[in-house]
Amino acid sequence: MTVPPAARLLHRHLRGQWPAMRRLSAWSVVESLPVFASGLLLARAVDHGFLAGRTLTGLGWLAVLAALYAVGAVATGRVYPWLAATVEPLRDSLVTEVVAAALRRMTDRTPDAAGAGVSQVTEQAEAVRALVGTALRNVRQLVSAGAAALVGLALLSPVLALVICLSVALALGVYAAFVGLQIRRYRAVIRQAERIGEAAATIVHGVRDVAACAAEDRAAATVGEVVDTQAEALRAYARTRWVRLPVLALGVHVPLVALLVLAPYLTAHHGLTAGQIAGGAGYLVAGLQPGITVLVDAGGTLLLSLAVVLGRLAEVCAVPDSPPPGTATAESSGIEADHVTFAYSPHAAPVIEDLSLHVPEGTHLAVVGPSGTGKSTLANLLTGLLRPRQGKITLGKVPLPDLDPADLRSSITLIPQESYVFAAPSATIWPTSTPRPPPPTWTRPRPPSGSRNSSNA
């Protein structure tokens, strides 16, 4: 069985918190004791106390139930310190890994890595912390209240337990049928949130160009389009939340109404007592209803969101596979010059002679010197604009002439100190959609007749 990447990521960051989680589980069991005993004690109070004419006995059973609720309240108070001890270290370790992954993608020159990384650190990592804390707090209620109610109901009346379990199973089947749709739509919400960060980062980085070109409206429209797309994704996800209505109806409301309506028939023909009917209703209201409500609410928002966000973080934190032996890319090995010599003519003195250098990936090289020492020539050689007369220059262990020109231009950028844009005094840029006017005609005027220079006209 393949473990999902999201589960592996969560397990990796929770491994050091197992002692805190064990104590959290132990106090959760104590917290569920009142729910487990509620129906049984209520049935005894009704059947062996109030209906039997022994009021004090009935009150005594209710007092035992009240004492158990007091014990459960103490257990609830002891849960939260261990909950914090589980969740807070998770946030710190997860932020560390996400930041390292974002920096690694920026080093690899992944497009929009900075904008997506901001969203992943500030929004998604914090969302995992909040979701894990809320899920642990609420899932305990689902497990403790729901499981305790079903076990207590089975001890109270196996027939009632069988009927109610069938109805609950039907409700869970309806919920499971919509889980896949909810995951896909919430994944779209998360991706659109990252796109907002990417679009905003692009605008912020080029804010001077935006202002210089008076493109504020276009920049706002670009970001606004992404925001509107995310809003539509959120609305599509919200529509899947309607599934909670049939789940709650099938899991709680229909069994409760049926139990109350059929109570006279069950007591008359199936040997159930009034105490068992009251205990069964108590299990439905105090145990199963909170548990199923947590399922459709926490499962539809908390657990679903946690699965999607963790899945996305597992993708961005994954270590990229190493390239096979003997292969290299332009991003993995840097640029290298091997015994390079260059002169502008066969008989001229070399500008660069027998030069070897290696600029590894992720490093910087500054070449300084007076004018005429070959700095620009070296830049043109390293970018493939000039070819050495001797030696070779490689990018990722691949000679520059062997690289596809499109790949070479996408991997290397040269910004020269000279400006060649709009060199002509009357240069004009015309949009492709606008017809370009014909160039103006100019005719040299003819000198007046009798002029001294008329023979030269």
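We're numbering straight along the sequence, starting at 1.
For the atom pair CG of L33 and OG of S28, the computed distance is 11.0 Å after rounding to the nearest 0.5 Å. Separating the CG atom in L355 from the OG1 atom in T341 is a distance of 8.5 Å, to the nearest 0.5 Å. The CG atom of L403 lies 5.5 Å from the CG atom of L395; values are rounded to the nearest 0.5 Å. Remark: Y175 OH to L170 CG distance equals 15.5 Å, nearest 0.5 Å. If you take OH on Y186 and CG on L234, they are separated by 8.0 Å, rounding to the nearest 0.5 Å. Note that the CG atom of D402 and the NZ atom of K392 stand 9.5 Å from one another [nearest 0.5 Å].
E232 pairs by the salt bridge (Lys or Arg N to Asp or Glu O under 4.0 Å) definition with R235, R239, not counting sequence neighbours. Residues that satisfy the salt bridge (Lys or Arg N to Asp or Glu O under 4.0 Å) test with R389, not counting sequence neighbours, are absent from this structure. Evaluation of the side-chain hydrogen bond (donor to acceptor under 3.5 Å, both in side chains) rule for R23 yields no partner, not counting sequence neighbours. Under the side-chain contact (heavy atoms from CB on, under 4.5 Å) criterion, V340 pairs with A337, L381, P388, I393, sequence neighbours left out. With sequence neighbours left out, the side-chain contact (heavy atoms from CB on, under 4.5 Å) criterion links S371 to no other residue. For L150, the side-chain contact (heavy atoms from CB on, under 4.5 Å) criterion is met by C165, L288, not counting sequence neighbours. With sequence neighbours excluded, the residues forming a side-chain hydrogen bond (donor to acceptor under 3.5 Å, both in side chains) with H339 are D354, listed by chain and number. Looking at residues two or more places apart in sequence or on another chain, you find a ring-ring contact (aromatic ring centres under 6.0 Å, His included) between F342 and Y344. Evaluation of the side-chain contact (heavy atoms from CB on, under 4.5 Å) rule for V367 yields L365, K375, L378 as partners, not counting sequence neighbours.
Between A343 and P350 the shortest heavy-atom distance is CB-CA, 3.7 Å. Taking every heavy atom of both residues into account, V174 and L250 meet most closely at CG2-CD1, 4.0 Å. Contact between V35 and S38 at its shortest, heavy atoms only, is O-OG, 2.9 Å. Nearest heavy-atom pair across L68 and A37 is CD1-CB, 3.6 Å. Nearest heavy-atom pair across Q192 and A233 is CG-CB, 4.4 Å. Of all heavy-atom pairs between A249 and P255, the closest is O-CD, 3.9 Å.
For the side chain to side chain donor-acceptor pair (under 3.5 Å) condition, no pair includes a residue of residues 211-226, sequence neighbours left out.
At a threshold of 4.5 Å between non-hydrogen side-chain atoms, the residues L181 and R184 count as touching.
At least one donor-acceptor pair closer than 3.5 Å links the side chain of S32 to the backbone N or O of V29. Here the side chain of T383 pairs a donor or acceptor atom with the backbone of A379 at under 3.5 angstrom. Remark: side-chain polar atoms of Y283 are paired, donor with acceptor, to backbone N or O of F36 under 3.5 angstrom.
A salt bridge links E336 with K397: the closest approach of a Lys/Arg side-chain nitrogen to an acidic carboxylate oxygen falls below 4.0 angstrom.
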Checklist entry - Where do R191 and R195 land on the side-chain contact (heavy atoms from CB on, under 4.5 Å) test, with the steps shown first? => result CA-CA 6 Å; R191 186 66 190 96; R195 288 189 59 199; 3.7 Å; yes
Next on the checklist: Determine whether V30 and R78 satisfy the following criterion, side-chain contact (heavy atoms from CB on, under 4.5 Å), listing intermediate values before the conclusion.
Outcome noted: CA-CA 10 Å; V30 177; R78 300 300 299 272; over 6 Å; no
Next on the checklist: Show, in sequence, the C-alpha distance, side-chain angles and deciding distance for L414 and N380, and conclude whether the side-chain contact (heavy atoms from CB on, under 4.5 Å) test is met.
Outcome noted: CA-CA 8 Å; L414 174 64; N380 291 331; 3.5 Å; yes
